[in-house]
Amino acid sequence: MDTADLEARLDIAAALAREAGRCALGFFRGDGLRIRLKGRDDPVTAADLAADDLIRAGIRRAFARDGILSEESGGNDADIMWVVDPIDGTHNFSRGIARFAVSIAVCENGRPVCGVVHDPAADELFSARVGGGAFLNGRAIAASAAAAPTETLIEAGYSAKFGWQAYHAMTGRLLEAGFGVRQAGSAALGLAEVACGRIDGYCEERLESWDVAAASLLVSEAGGVVNDFFAGDGLRRGGPIVAGAAGIWNELAAASALSVKA
Ligand code: IPD
């Protein structure tokens, strides 16, 4: 795709993320959530499904020939693929915690080329296009200048789907190496915070492409480093993620002991 094609898709992604964000806020802390588990530690709510419907309908209206891969409704195969998480941080959302995001990316031949992460509760929209930089509400952002683990605050994401033992061992190594570690429940927002320098790194044993497609592009376009999640068939299979400021990425990757290459 050329720049005009990417910009056209980025505009639609931003508009749909804002619309989905308004939809999610309409359900937030309300009585109509209808939470159910679709797997271990994997909740879905009426808001996830409503936001997913409106995003998919909007993509079909604007770019009928593009494919769509969504956390809530699966996908088909296409060279140009929209990768959608209507609500990343569903646990937080379902418990009334205002830390969740809408994530929409466009991938070409299996790699993200533009995307947005929208935090509706904070009215923040992060956006990036490959080669075009990363932005927060239209202003350029950059990853932090952290140069040593002891200067950092990072997030180590966790899902009970993959067991606590490896997480326990990983956070032990990170803390021993001097990293400041927290866990906040939205991979997309954690990575967006790496991109704007609020935190210095993010790692997690295993994520799906809809969690990271938009946000990993934010990190690389903001001058941070992120492992090659989309190598091979990362789009379909998912994998580990290690993202961080350039000055601490090597130490973060080593302490995480995840199998990643920049
Ligand atoms: C989850 C969040 C969480 C991460 C989990 C993801 P979801 O996504 O991003 O922070 O640690 O691994 O599954 O289910 O809320 O969209």
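In what follows, every heavy atom counts, from backbone to side chain, and hydrogens, waters and symmetry copies are set aside. Start at 1 and go down the list; that is how both ligands and their atoms are numbered.
Aromatic ring orientation, F93 versus F100: perpendicular (interplanar angle above 60°, classes split at 30° and 60°).
Within the set N92, I241, D88, the minimum heavy-atom distance to atom 2 (C) of ligand 1 is found for D88. Considering R206, E155, E204 only, the shortest heavy-atom separation from atom 4 (C) of ligand 1 involves E204.
Considering backbone and side-chain N/O of G157, none are found under 3.5 Å from N/O of ligand 1. Ligand 1 has no nitrogen or oxygen under 3.5 angstrom from a nitrogen or oxygen of L207. For H91, no nitrogen or oxygen atom sits less than 3.5 Å from a nitrogen or oxygen atom of ligand 1, counting backbone and side chain alike. Checked against a 3.5 angstrom limit, the closest N/O atoms of T90 and ligand 1 fall inside it. Ligand 1 has no N or O atom lying under 3.5 Å from any N or O atom of A188, backbone or side chain.
Closest to atom 3 (C) of ligand 1 among all protein heavy atoms lies G185 O, 3.7 Å. Ranking the protein heavy atoms by distance from atom 14 (O) of ligand 1 puts E71 OE2, 3.5 Å first.
Looking only at distances, no side-chain donor or acceptor of D53 sits under 3.5 Å from a matching main-chain atom of A50. Between the side chain of H118 and the main chain of E124, a donor-acceptor pair closer than 3.5 Å is present.
Every atom of ligand 1 with a heavy atom of I87 under 4.0 Å away is listed here by number and element: 16 (O).
Ligand 1 is never approached by D48 to a heavy-atom distance shorter than 4.0 Å.
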